[in-house]
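Model, not experiment: these values are computed from the prediction. Heavy atoms only: backbone and side chains are in, while hydrogens, waters and symmetry mates are out.
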Amino acid sequence: MRHFRTKAFETQRLLCRPFIPEDAEDMLRNWEADPCIQLEYGEPVYDTISKVNGLLAQYLANDQKPDNYRWAIVEKSSGKNIGQIAFCRVYTDCQTAEIEYCIGRQFWGNGYAGEALAGLIDFTFQDTEFQKLEAYHRCENTKSGRVLEKSVMHRADTVERFLRAQESPEGEVCYCIEKDAYTSAGEES
């Protein structure tokens with residue numbers, strides 16, 4: 001499988017692009033310091049600009065790896081970085097990627113997470129060799145669950161992460177979409 005690294009894509013209201021050093025302030029202000037978001041997202045809280053800069057330095061260093069995919073979600077109307085969407089796991093051998101996303105709380109209720117997810121699915125299946133996309137949410141994270149329920153992804157019994165660990169999802173709800181199903185749905189509409 002040929003990897004492409006993080007390339008920008010756009011939706012109607014969003015620009016999803018690689019992170020840049022200037023993103024640190026928006027990251028701190030909009031989601032990294034918010035325990036509500038970070039704990040639901042399963043990540044630590046980064047509550048100082050120094051901590052955010054350290055995390056951002058990791059993102060930028062990882063961006064040099066061909067199989068690293070992490071996009072800043074930028075609201076076109078304001079130019080603010082309001083969140084992120086990423087392939088948190090890439091399984092090259094089966095051309096599968098697992099998606100994660102988060103949006104700053106002040107931007108909730110605008111459909112941005114769903115729009116970024118739809119844009120990423122379109123971009124992936126139209127412009128890359130990935131054959132399957134997966135995601136899951138913790139049962140208690142109903143906001144993330146609604147995003148996945150409204151997407152073109154469908155419920156699944158498990159995802160590659162759990163299969164490889166020989167575990168059953170316990171407290172997680174899994175979703176996926178295969179490129180063939182995505183293509184067929186596009187041909188029907």
Q: Run the side-chain contact (heavy atoms from CB on, under 4.5 Å) check on Tyr101 and Ile99 step by step: do they pass?
A: CA-CA 7 Å; Tyr101 50 84; Ile99 301 170; 4.2 Å; yes
Q: For Val147 and Ala113, work out which heavy atoms get closest and say how close.
A: CG2-CB, 3.8 Å
Q: Salt bridge check: are Arg13 and Glu75 linked by an N-O gap of less than 4.0 Å?
A: no
Q: Output, in order, the C-alpha distance, side-chain angles, deciding distance and verdict of side-chain contact (heavy atoms from CB on, under 4.5 Å) for Val74 and Leu14.
A: CA-CA 6 Å; Val74 178; Leu14 305 171; over 6 Å; no
Q: Before you tell me yes or no, could you show the steps for Thr96 and Leu133 under side-chain contact (heavy atoms from CB on, under 4.5 Å), namely the whole-Å CA-CA distance, both residues' side-chain angles and the distance that decides it to 0.1 Å?
A: CA-CA 6 Å; Thr96 299; Leu133 294 175; over 6 Å; no
Q: Can a salt bridge be assigned to the pair Asp34 and Arg105 using a cut-off of 4.0 Å between side-chain N and carboxylate O?
A: yes
Q: What are the two closest non-hydrogen atoms of Gly119 and Phe9, and how far apart are they?
A: C-CE1, 3.4 Å
Q: Testing the basics here: between Asn30 and Asn81, what is the closest heavy-atom pair and its distance to 0.1 Å?
A: ND2-O, 2.7 Å
Q: Kindly work out whether a path of hydrophobic side-chain contacts (I/L/V/M/F/W/Y, heavy atoms less than 4.5 Å apart) joins Val90 to Tyr136.
A: no
Q: Closest approach of Cys102 and Ile37, non-hydrogen atoms and distance?
A: CB-CG2, 4.1 Å
Q: For the pair Glu129 and Arg2, find out whether any cationic side-chain nitrogen is under 4.0 Å from an anionic carboxylate oxygen.
A: yes
Q: Write down the atom of Phe162, the atom of Thr158, and the distance for their closest heavy-atom approach.
A: CB-OG1, 3.3 Å
Q: For the residue pair Phe130 and Phe87, categorise the inter-ring angle as parallel (less than 30°), tilted (30 to 60°) or perpendicular (more than 60°).
A: perpendicular
Q: Between the side chains of Arg89 and Glu160, is the shortest nitrogen-to-carboxylate-oxygen separation below 4.0 Å, so that they form an ion pair?
A: no
Q: Distance only, no hydrogens: is a donor on one side chain within 3.5 Å (strictly under) of an acceptor on the other, for Tyr182 and Asp122?
A: yes
Q: For Asp93, is the CG atom crowded, meaning more than 12 foreign heavy atoms sit under 6.0 Å from it?
A: yes
Q: For a 4.5 angstrom cut-off between non-hydrogen side-chain atoms, does Tyr46 reach Met27?
A: no
Q: Do Leu163 and Tyr175 land in one hydrophobic cluster if side-chain heavy atoms of ILVMFWY residues count as linked below 4.5 Å?
A: no
Q: Looking at Lys65, I want to see if its NZ is surrounded by more than 12 non-hydrogen atoms of other residues, nucleotides or ligands under 6.0 Å.
A: no
Q: Roughly how far, to the nearest 0.5 Å, is the OH atom of Tyr59 from the CZ atom of Arg70?
A: 4.0 Å
Q: For Gln12, I'd like to know if atom CD has over 12 heavy atoms of other residues, nucleotides or ligands within 6.0 Å.
A: no
Q: Looking at Lys132, Glu134, Met153, Gln131, which one forms a side chain to side chain contact (heavy atoms under 4.5 Å, CB included) with Glu178?
A: Lys132
Q: Among the clusters formed by ILVMFWY side chains lying less than 4.5 Å apart, do Ile177 and Leu117 turn up in the same one?
A: yes
Q: Would you check if there is a donor-acceptor pair between the side chains of His3 and Thr92 at a distance under 3.5 Å?
A: yes
Q: CG/Leu28 to CG/Leu55 distance, rounded to the nearest 0.5 angstrom?
A: 11.0 Å
Q: Decide, yes or no, whether a salt bridge links Lys80 with Glu25 under the criterion of side-chain N to carboxylate O below 4.0 Å.
A: no
Q: Regarding Arg17 and Glu10, does a basic nitrogen lie under 4.0 Å from an acidic carboxylate oxygen?
A: no
Q: Kindly give the heavy-atom pair with the smallest separation between Trp31 and Gly104, and that separation in Å.
A: CB-CA, 4.0 Å
Q: Kindly assign one of parallel, tilted or perpendicular to the pair Phe123 and Trp71, based on the angle between their ring planes and the thresholds 30° and 60°.
A: perpendicular
